[in-house]
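Position 1 is the first residue of the sequence, and the numbers go up from there. Ligands are counted one by one from 1 in listed order, and the atoms in each one are counted from 1 as well.
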Amino acid sequence: MSVPSAVMPAPKMGSSKDYVSGLMALVKAKNPGETEFHQAVGEVVESLALVLDRHPEYRSAKILERIVEPERVLMFRVPWIDDRGEIQVNRGFRIQMNSAIGPYKGGLRFHASVNLGILKFLAFEQVFKNSLTTLPMGGGKGGSDFDPKGKSDMEVMHFCQSFMTELWRHIGPDTDVPAGDIGVGGREIGFLYGQYKRLANEFSGVLTGKGLNWGGSLIRPEATGYGCVYFAQEMLKTRRQTLEGKTCLVSGSGNVSQYTVEKLLDLDAKPITLSDSNGVIHDPAGIDREKLAWVMDLKNVKRGRIKDYADKFQGARYIPTDPMQDENSLWSVKADCAFPSATQNEINARDAASLVKNGVTLVAEGANMPSTLEATKVFLDAKILYGPAKAANAGGVATSGLEMSQNSMRLSWTRKEVDERLHNIMLAIHTACFETAEKYGTPGNLVNGANIAGFLKVANAMLDQGVV
Ligand code: NDP
C-alpha cells in the first residue's frame, strides 16, 4: 500500500512561483471555460506562494491540489410551472467545496447568469472567507439560472419548492447550511425553508436568513453591508481617518447596498450613487434616510428599477448601462471611498484607474470579487486602502454563523448583542489580515493578508484530518 502524501517527506521541490504556475495550468485544463473560477483561484494561489516558501509541508500533502477540487458538486433539473400553465426548466447547483473546519456554508444565487464556473468561484472564495470569521464553517455555494426578476410571488414559490425538492436530501444543520445571495432574499428563503420542513419533517436551522418569527437572527439582513462599513472604518483607522464627511460611491441597490448606505449614514458619510443591471443613479445632494427608505420600498416591495429614483428626486441623474462600453460610469464619479456591492468583475482596470485618478483612497468590497485581477493590481500599486471581498464582506456569513448558534441554543440574542458580535468579528478579521500581511512581508496588502490567514486554518485542519 502506498503511504498517504500527508505523511510523506517533502519531495525535492522547485520554486513556489513555478509550482503555483503549474497548479494554475492544471486548474485551467481541468476546468475549461470556468473563467471566474480561474480568476478566484489565481488570486489566492499567487498570495500563497509566500506561504509555500516557509511551509513545504503544504506542498507535499498536496493541500492546494485538494483545496481547488470541490468535495462534491451537485447539478440537477428544476422543473416548475409558470402562471400561464407552461412548464419551465431551470438548472440547480450546490457546490460543497470544503468541510475541513465545519459544515458547508454559503449562499444560494438565483440569477440568469448563474453557471458552474461562477458558483465554483463563489464556493472557493467562501472557504477562505468563512475561515476568517473565526467561526466553525466550511465553504459551499449554490443556486440556479432562474431569474426572479419579473416573476410573480406564485412563480417564485413554485420554483423554490421544486429546487428544494432535490436539494433537501443533500443539506442539513450539521451537513450544509445554505443562505441567500443575489436574487435570494427573505421571500425566497421562506419558500425554500417551508418546503425543506415539509420534506424532512423537522424544524431545524438548515437555512440562514430566516424570518425573525421562525428562527432568524436580528441584524442578519443588515450584516453584510454593516460589516463592510465596519471593515472600512478599521482600514481608515490605520491612517488616522474616519468616514465622517466622506463622499461614497455604492453600486447595486439590493441587500448589501441598502445596508451599506444605512451604516454610512449612521457614521455621517455621504453616499451618492446606486445602480442595478440597467443603469446608475448619481445624486450629488446625497442619499439621505428618507431617500433610502424609498429605495428599500422600491427594491424590496415594489421590485422596481433604480431608474425611478431619478424621476422621483430632483437633482439626481440616471445613466443607463451601455453594454458596448468597456467601463462602468459609476466609477468615474468623484468621491473619497467606493463600496462595490453589486456583482463580480464590476470594476475593470480602466474603472480602477478612474477611481484612483478621481481621488478615491478606500475601496471596500461588499460584492464578491467585484474587481478584476488587473483592477486589484491598480489599487495595490496605488497603495490606497483596499479591502478585498473575502474579508470586507464576511459579516454576512459571520452573522449567519451567529444565527446557527442561536438556533442550536434555541434562543435569540438582542439586536445590540448581535451587532456587537458582528462588529467584533469585523475588527478581528481586519486585525488578522493586517498582521498576516505584515508577517509575510507585504505590509498593508490585505489581499495577501486575507488569502493567507484564511488559508492557514483550513490547510492545517486538512493536514490533521489526513487524505480525505
Ligand atoms: P441582491 O439580489 O439583493 O442585489 C444585487 C444587486 O446587484 C441588484 O441591485 C442587482 O441589480 C445588481 N446586479 C446583479 N447583477 C448585476 C450585474 N450583472 N450588473 C449590474 N448589477 C447587477 O444581492 P445582494 O445584495 O445580496 O448581493 C450583492 C453582492 O454581494 C453579490 O456579489 C453577493 O455575492 C455579495 N454578497 C452578499 C451577501 C449577502 O449577505 N447577501 C454576503 C456576501 C456577499 P438587478 O436588480 O438589476 O439584478
Asker: Show every donor-acceptor pair shorter than 3.5 Å between a side-chain atom in residues 175-183 and any protein atom, with sequence neighbours excluded, or say none if there are none.
Answerer:
| from | atom 1 | to | atom 2 | distance (Å) |
| --- | --- | --- | --- | --- |
| Asp176 | OD1 | Arg94 | NE | 3.3 |
| Asp176 | OD1 | Arg94 | NH2 | 2.7 |
| Asp176 | OD2 | Arg94 | NE | 2.9 |
| Asp176 | OD2 | Gln96 | NE2 | 2.8 |
| Asp181 | OD1 | Lys141 | NZ | 3.1 |
| Asp181 | OD2 | Arg109 | NE | 2.6 |
| Asp181 | OD2 | Arg109 | NH2 | 3.1 |

Asker: Mark yes or no: Lys197 above the aromatic ring of Phe203, with NZ or CZ under 6.0 Å from the six-membered ring centre and no more than 45 degrees from the axis.
Answerer: no
Asker: For a 4.5 angstrom cut-off between non-hydrogen side-chain atoms, does Leu402 reach Arg421?
Answerer: yes
Asker: With rounding to the nearest 0.5 Å, note down the distance linking NZ in Lys210 to CD in Gln406.
Answerer: 9.0 Å
Asker: Taking any residue with a non-hydrogen atom under 4.0 angstrom from an atom of ligand 1, which ones do you get?
Answerer: Arg109, His111, Lys149, Asp181, Ile182, Gly183, Arg220, Thr224, Gly252, Ser253, Gly254, Asn255, Val256, Ser275, Asp276, Ser277, Arg305, Ser341, Ala342, Thr343, Gly366, Ala367, Asn368, Asn393
Asker: Would Lys120 pass as a cation-pi partner of Phe93, given that its NZ or CZ must be under 6.0 Å from the six-membered ring centre and within 45 degrees of the axis?
Answerer: no
Asker: Going by the angle between their ring planes, with limits at 30° and 60°, are His423 and Tyr230 parallel, tilted or perpendicular?
Answerer: parallel
